[in-house]
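Below is one structure, written out as structure tokens, with a few remarks after it.
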Amino acid sequence: MNELELLHIMKRAGTMSPADLAGALSVSTRTVRTYIQRINIMLSGSASIEYRRGEGYVFSISDEDAFDIALQNIREHVTPASNSASRIQYLLSDLCARSDWVTLDDLSSVLFVSRATISNELKQVEERLASYGLSLERRPHRGIRVVGPEMRRRLMIAGLATKQVIAASNEDERRARLETISRIIEDAVTDAGFEINSVLYQNLLVHISVALMRIEDSCYVPMPVEQLERIQGSSSYVVAEDVAEKINEAFSVVLPEGEVAYLAIHLAGKHTLSEEETSASHEDGGG
């Protein structure tokens, strides 16, 4: 789905820097490179996206007719949603994951439906968001974005991830990341002789995956000092520190103390919605 969005962006822009393209997609520049490699394979020489020093990524078409055929094939195999339910799911995932604004025109272009269809389905999106304490902010000429506490946003993403990403992900990079996180959890709990059941393991896997994605976008969850100090005295925090250290080694991402504390909460099996909402109330939200 993101490959198709990237292709549309490059087709419109022609030339774009890696950083700007990554920002437009709310992904890392490494992920952008992966998407471009796949796109170039799918375009089969009819067009290409190449990196040129001093210019950035440049889109060019070598055979218009062949490109039209290739684009149609990509749409058939990569289009993110073919019915209302799947579009709503896509909109929730996209809006919760991105920090920037997005217009209805851009969303309709990616989903291949009318602007009116997107507008109508956003009503159900807003209902789902509201159940997590989130809402949509609208600005003329800028578009829409999700606003609300960071932890509630992560809860929404994690709920979607549990249903979709873990069970059915076909993205090689995402799958590889999950496998690495899985090994890190297993090594840390084994080294500490720490018991963790399959449900807690799955929750922790999703939590770390979502946390890494959000931290890469500079979105952090605060924790009150008194709660942090209480958790730091627990045995689960020691294991969480080991997990955090291994995460840093594997992904070059440093988890702040508050994030480590939330890992410890998961490990202790005390990760409940009420606890998250209590700590989330200290975050004033925003994109």
Exam field: side chain T190 to backbone D187, donor-acceptor pair closer than 3.5 Å: no
Check: E186 and Y201 side chains under 4.5 Å, non-hydrogen atoms: yes
Rounded distance [0.5 Å steps], OG in S209 versus CD1 in I157: 9.5 Å
Approximate separation, where rounding is to 0.5 Å, of Y237 OH and R230 CZ: 13.5 Å
Audit row: D242, V189, side chain to side chain contact (heavy atoms under 4.5 Å, CB included) steps and yes/no: CA-CA 9 Å; D242 188 28; V189 297; over 6 Å; no
In one Ile/Leu/Val/Met/Phe/Trp/Tyr side-chain cluster, 4.5 Å: V254, V221: no
D63 side chain vs A47 backbone, donor-acceptor pair below 3.5 Å: no
side-chain contact (heavy atoms from CB on, under 4.5 Å) involving A244 - partner list, sequence neighbours excluded: L255, V260
Salt-bridge criterion met for E137 and R139 (N-O under 4.0 Å): yes
Closest non-hydrogen atom pair between V239 and F194, with its separation: CG2-CD1, 3.6 Å
Considering all heavy atoms, the nearest E150-C219 contact: OE1-CB, 3.5 Å
Check: I144 and V102 side chains under 4.5 Å, non-hydrogen atoms: yes
Heavy-atom side-chain proximity of E127 to L122 below 4.5 angstrom: no
Whether Y57 and Y51 hold their rings parallel, tilted or perpendicular, with breakpoints at 30° and 60°: perpendicular
Pairwise salt bridge (charged side-chain N to carboxylate O under 4.0 Å, His left out) hits with a residue in residues 250-262, at least two apart: R154-E259
Within one Ile-Leu-Val-Met-Phe-Trp-Tyr cluster: V58 and I36, side-chain cutoff 4.5 Å: no
Exam field: side chain T29 to backbone A19, donor-acceptor pair closer than 3.5 Å: no
4.5 Å side-chain heavy-atom contact, V125 and R128: no
Verdict with supporting geometry, V243 and I181, side chain to side chain contact (heavy atoms under 4.5 Å, CB included): CA-CA 9 Å; V243 171; I181 295 171; over 6 Å; no
Close side-chain approach of S60 and S48, heavy atoms under 4.5 Å: yes
Ring-face cation contact, Y132 with R153, 6.0 Å cut, 45° max: no
Inter-residue atom distance K246.NZ - T180.OG1, 0.5 Å rounding: 13.5 Å
Closest heavy-atom pair and its distance - A240, L267: N-CD1, 3.7 Å
Spatial distance of atom NE2 (H207) from atom CD1 (I265) [nearest 0.5 Å]: 8.5 Å
pair E241-Q232: side-chain heavy atoms closer than 4.5 Å: no
Beyond-backbone contact of F59 with T15, side-chain heavy atoms, under 4.5 angstrom: no
Polar side-chain atom of S135 near backbone of L129 as donor-acceptor pair, under 3.5 Å: no
Candidate pair F251 and R177, rule side chain to side chain contact (heavy atoms under 4.5 Å, CB included), full reasoning: CA-CA 9 Å; F251 302 107; R177 170 176 286 202; 3.9 Å; yes
Between OG1 on residue T117 and CG on residue L107, distance to nearest 0.5 Å: 12.5 Å
Among L95, V210, L134, side-chain contact (heavy atoms from CB on, under 4.5 Å) partner for M156: L134
For the student: nearest non-hydrogen atoms of G56 and P18, plus distance: CA-CD, 4.2 Å
Side-chain (S119) to main-chain (R115) donor-acceptor, under 3.5 angstrom: no
Stepwise salt bridge (Lys or Arg N to Asp or Glu O under 4.0 Å) test for E249 and R183: CA-CA 13 Å; E249 292 172 359; R183 286 195 299 271; over 6 Å; no
Closest non-hydrogen atom pair, I208 against L263: CG1-CD2, 3.5 Å
Shared hydrophobic cluster, I9 / M42 (ILVMFWY, side-chain heavy atoms < 4.5 Å): yes
Same cluster (ILVMFWY, side-chain, under 4.5 Å), I61 and L43: yes
Between S236 and S234: side-chain donor-acceptor atoms closer than 3.5 Å: yes
Same apolar cluster (I L V M F W Y, side chains within < 4.5 Å links), L212/M151: yes
Minimum side-chain heavy-atom gap R145-V147 below 4.5 Å: yes
Salt-bridge contact R138-E126 (side-chain N to carboxylate O under 4.0 Å): yes
Separation between CG of L92 and CZ of R87, rounded to the nearest 0.5 Å: 13.0 Å
Full working for side chain to side chain contact (heavy atoms under 4.5 Å, CB included) between M223 and I231: CA-CA 11 Å; M223 177 173 285; I231 295 170; 3.8 Å; yes
For L205 against L178, the heavy-atom pair lying closest together: CD1-O, 3.6 Å
